[in-house]
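What you are looking at is a predicted structure, and each value in this text was computed from that prediction instead of being measured. Numbering of residues begins at 1 and proceeds along the displayed sequence.
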Amino acid sequence: METKINGTDLLALGYPEGSLIGVALKANAKRTGFTKEEMLSNYALVLENPEAFLEHKIFGKLAQAIIEKDNEKPEDFIALNPNPADFALYGADKIEEGAIKQMQVAMQLPITVAGALMPDAHQGYGLPIGGVLATNNAVIPFGVGVDIGCRMALSIYDIPELFYYENEAKFKRELVAHSKFGAGHGFQGQYKSNHEVLDRNEFAEHTFIKNLKDKAWSQLGSSGGGNHFVEFGIIEFATDDAALNIPKGKYVALLTHSGSRGFGATIAGHYTKIAKETCKLPEVARNLAYLDLGSDLGQEYWIAMNLAGDYASACHEIIHTKMEKALGATVLAKVENHHNFAWKETYNGEEVIVHRKGATPAAKGVMGIIPGSMTAPGFLVRGKGEENAINSASHGAGRQMSRTQAIKTITKNEMQAILKDHGVTLLGAGKDEAPMAYKDIHQVMAAQEDLVDVVAKFMPKMVRMADDGRRED
């Protein structure tokens, strides 16, 4: 079996970080008959003399890309700010350097007003996961993210804790019956749900999304792959909460996490490509390409993003409605919040566009849910409105292992043992979602005590995730 070539190998040969690495790795996928050493030797020769390889069937595109890169001039790109403002950083000792560097680049954009990095942050594409960025009249598609409007939704039932333990089989039956997961998965025929979101004018009038209604309809009420879930758990209120009208005690609750499915992912891919083509930023900031909200393209994306967010909310509403009817329960309170979105808000007295990529809105009095992992508690919180954090908090515990690392290092037996120790029933999920792949939620919450107040604690008991683990739309 041939040993793979990766970006580190190419960096060692002198290839610069950025798009050339991707082009070079595509050339490696075409190799026939070359050993790893021979391929690396050829890579070095192409980098040294690309003109000699322009007609080469394997290295031609790479040679062309190198020549184009060599001919680029600073004046071809939008200049970054060499003296950016600082950004607020929470839980710095637990945040990887790559995420901090990404945030530093985001602060250099000419449109940036302010930034903050949440304690669950880790490296992503463009803006880091856990990054919050306020901009001046511009929206960054990769600052919103691929899963537009991804959100948490919590229904608290009038069901006491003991009833769950006495009827686990019923909860399992309903969880399987009323949830569907994974890339491309949806409903057909009589099993499709209807919702007023499908009647929106945008599906008939919007230049791009008018052809996406069938995809949206079939996946309406389903959940994605990756870290998305539908789970039952026990939520504990240590004191009465007057605002929610919930007395002190323990209750059965349903918690869901998912976004706008293939519909949102298609929108994200389309407008990210357009932004990169029209907003020429230097290589280091390429994934932060933005659209001016005063332009037609900016308005197109803004309308599509908002519809995708409403669609994601509709998916949760359908799941929660089905479960409420199946259990014959009364919902005492429902809380929902989203991330992977951009909002028009006021900051320091001026209107800005606030991107929260994997961060929870936490303006004063605003409710939110911050999950841990499938064996760690999640927290129902109320925002404190901390302006340094741009009225934000973390959206979860955050990963401490990449998906690839988790799959390689965590065994199935280890995962099953920790689930058993915590009394959690798991349906689906791959090793990439093992509890050990996530940061300690208690440390994350301790790092954001200035951002939110804890209202209640949610302990997962029965978790359903995509059977194919890491796959997503």
Quiz item: Would you call the rings of Phe341 and Trp343 parallel, tilted or perpendicular, where under 30° means parallel and over 60° means perpendicular?
Solution: perpendicular
Exercise. Consider only side-chain N and O atoms of His320 and Thr256, and report whether a donor and an acceptor are under 3.5 Å apart.
Key: yes
Exercise. Consider only side-chain N and O atoms of Lys364 and Asn391, and report whether a donor and an acceptor are under 3.5 Å apart.
Key: no
Would you say the side-chain atoms of [X] pair up with the backbone N or O of [Y], donor to acceptor, closer than 3.5 Å?
X: Lys322; Y: Glu174; result: no
X: Ser223; Y: Ser258; result: no
X: Ser402; Y: Gln405; result: yes
X: Asp120; Y: Gly396; result: yes
X: Arg464; Y: Val176; result: yes
X: His355; Y: Ile140; result: yes
X: Lys250; Y: Leu162; result: no
X: Thr112; Y: Ala106; result: yes
X: Lys439; Y: Lys94; result: yes
X: Asn388; Y: Ala88; result: no

Practice problem: Answer yes or no for Arg399 and Tyr438: cation-pi contact, defined as NZ/CZ to six-membered ring centre under 6.0 Å and angle to ring axis within 45°. | Solution: yes
Quiz prompt | Aromatic Phe142 / basic Lys357 pairing, under 6.0 angstrom, 45° off normal | solution = yes
Quiz item: Looking at CD of Glu324 and OG of Ser155, how far apart are the two atoms once the value is rounded to the nearest 0.5 Å?
Solution: 7.0 Å
Quiz item: Once you round to the nearest 0.5 Å, how far does NE2 of His195 lie from CG of Leu220?
Solution: 7.0 Å
For a 4.5 angstrom cut-off between non-hydrogen side-chain atoms, does [X] reach [Y]?
X: Thr266; Y: Phe208; result: yes
X: Tyr125; Y: Val146; result: no
X: Leu327; Y: Phe232; result: yes

Quiz prompt | salt bridge (Lys or Arg N to Asp or Glu O under 4.0 Å) between Lys461 and Glu231, worked out | solution = CA-CA 7 Å; Lys461 289 300 174 185; Glu231 62 187 26; over 6 Å; no
Looking only at heavy atoms, what is the nearest atom pair of [X] and [Y], with distance?
X: Ala289; Y: Cys279; result: CB-O, 3.9 Å
X: Phe379; Y: Pro377; result: CE1-O, 3.8 Å
X: Ile369; Y: Asn337; result: N-OD1, 2.7 Å
X: Pro435; Y: Thr375; result: CB-OG1, 3.2 Å
X: Ala329; Y: Ile159; result: CB-CD1, 3.8 Å
X: Ala312; Y: Arg151; result: CB-NE, 3.8 Å

Quiz item: With the threshold set at 4.0 Å, does a side-chain nitrogen-carboxylate oxygen contact exist between Arg200 and Glu202?
Solution: yes
Exercise. Answer with yes or no after comparing the ring centroid distance for His257 and His339 against a 6.0 Å cut-off, counting only values under it.
Key: yes
